[in-house]
Amino acid sequence: MIYNLLYPLSDQIGVFNVFRYITFRSIYAFLTALVIAIFVGPMIIRWLQKLKFGQYIQEDVAAHRSKAGTPTMGGILIMAGTLPATLLWADLTNSHIWLTLLVFVGFGAVGFWDDYLKVCRKMNKGLSAKVKFLAQVLVASLAMALLVGDPAYSTKLAVPFFKDILPNLFIFYIPFAVLVMVGSSNGVNLTDGLDGLAIVPTVVAAVVFGIFVYVAGNVKLAEYLQVPYVVGVGEAAVFCSALLGAGLGFLWYNAYPAQVFMGDVGSLALGGSLGFVSVLAKQELLLLVVGGLFVIETLSVIVQVGYFKMTGGKRIFRMAPLHHHFEMKGIPESKIIIRFWIISVLFALVALSTLKLR
Ligand code: 57M
């Protein structure tokens, strides 16, 4: 909004020229979101406590019993930072920004619905898996239907490490992109089981995709680094920076021992929007590397459930997702969290290296 209001005046007031730069606006989007999230955090936490939006805790992991009653739906705090910061610093004539916010809020609304049923209506199961999945598919499909009309839309797929391999998925690109968003939102959701465990890999991924959209949207950089050039997509870096700021502001309160959990309203919104940004950047497959930790957590569940069914009740892990396995082996929560963060940074660096390794 600031860009739309002040940049046109840069002819008269030279200093306003600075609002032209995505990098400048991204820094301020980050700071705005961080400050808002840290300041409104205590208010939102008190409000969630007052409304008794406390977490029901499953009894099977003993270490988690003490977490009963911790307020959840802290994703509202992430939204409270990300939305105003993006609206304030992004170019609001850019359709990619609106589509990214649609996915962010749309997936968040599905999560809110689920949390609301679980926490407020005391229905411990929340939405049925089928309804939740269909609602996620609906939001993702809507975003894709709107993206198809965009000049930047392409059905080609970039393959990490191979600059010349760009298979065209044609009409199949849409279900593929929907799968990317839905898969990513569920990956973040499954990972969100220890304090700070999901938010740090998410903000790390936001940094990586912030860099990728910036490069993809800059004709010179895209050509130099040989990534697909996508007109207008650089603006999504402002959203990624806002997400980084709000995510760190949320971590302020979600750090071990957590004062608040993000709930599905947070995990679905974060995962879905990261998936969409990877679609915008034309780096959909790279999401598997950037979000390698989410992939590992998801695979641990698939393998565990598959093996459990095949063998009639035997397990590979003590419990899935993987972080529960390590908890049950007696490793302290904070150690698991920090080790998983380190792994997510490693994945992010490997993903960034693909900018040069082509
Ligand atoms: C949500 N929710 C957390 C919090 C958070 C198929 C199966 C693998 C599904 C899976 C599942 O339900 N996953 C989705 C996981 C829960 O956190 C809430 O949920 C939100 C995210 N959606 O924001 O509101 C609990 O996680 C802990 N937590 C923290 N700190 C945080 O910052 O400590 C969360 C955030 C919270 C809190 O204790 O209550 C969750 O883990 O339930 N199911 C599971 O993950 C279950 N696994 C399982 O049943 N495994 C079986 C299957 C695969 C055969 C097995 O391995 O044998 C585990 N869930 C729990 N205990 N609670 C089992 C152990």
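Read the numbers this way: they start at 1 and go in the same order the structure lists the ligands and their atoms.
Every N/O-N/O distance between H323 and ligand 1 stays at or above 3.5 Å. Distances between N or O atoms of F308 and those of ligand 1 include no value under 3.5 Å. Polar contact check, F261 against ligand 1: no nitrogen or oxygen pair lies under 3.5 Å apart. Close N/O approach between G193 and ligand 1 is found [any backbone or side-chain N/O within under 3.5 Å].
Between the side chains of T70 and Q259, not a single donor N or O lies within less than 3.5 Å of an accepting N or O. Counted by atom type alone, W89 and T32 present one or more donor-acceptor pairs between their side chains at under 3.5 Å.
Contacts between V301 and ligand 1, counted as non-hydrogen atom pairs separated by less than 4.0 Å, involve the side chain only. The residue M73 has no part lying near ligand 1, judged by heavy-atom distances below 4.0 Å.
Using cut-offs of 30° and 60° on the angle between ring planes, the pair F209 and F212 is tilted. Using a 30° and 60° split on the angle between ring planes, F24 and F19 fall in the perpendicular class, above 60°.
Shown in contact with H64 at under 4.0 Å from a heavy atom are these atoms of ligand 1, numbered in order with element: 27 (C), 33 (O), 37 (C), 38 (O). Set against the non-hydrogen atoms of Q304, the atoms of ligand 1 under 4.0 Å away are 55 (C), 56 (O), 57 (O). Which parts of ligand 1 touch V305 is read off a 4.0 Å heavy-atom cut-off, strictly below it: atoms 53 (C). Of all the atoms in ligand 1, the ones that sit under 4.0 Å from a non-hydrogen atom of R315 are 55 (C), 57 (O). If you number the atoms of ligand 1 from 1 as listed, the ones under 4.0 Å from a heavy atom of L194 come out as 28 (N), 29 (C), 30 (N), 31 (C), 32 (O), 33 (O). Close approach to L190 involves these atoms of ligand 1, each under 4.0 Å from a residue heavy atom: 13 (N).
Evaluated by nearest non-hydrogen atom to atom 15 (C) of ligand 1, the leading choice among N189, V265, D195 is N189. The heavy atom nearest to atom 32 (O) of ligand 1, considering only N254, T72, T70, is found in N254.
For the pair R315 and F308, the cation-pi test (distance below 6.0 Å, angle within 45°) is failed.
Using a 4.0 Å cutoff on heavy atoms, A258 does not count as a contact of ligand 1.
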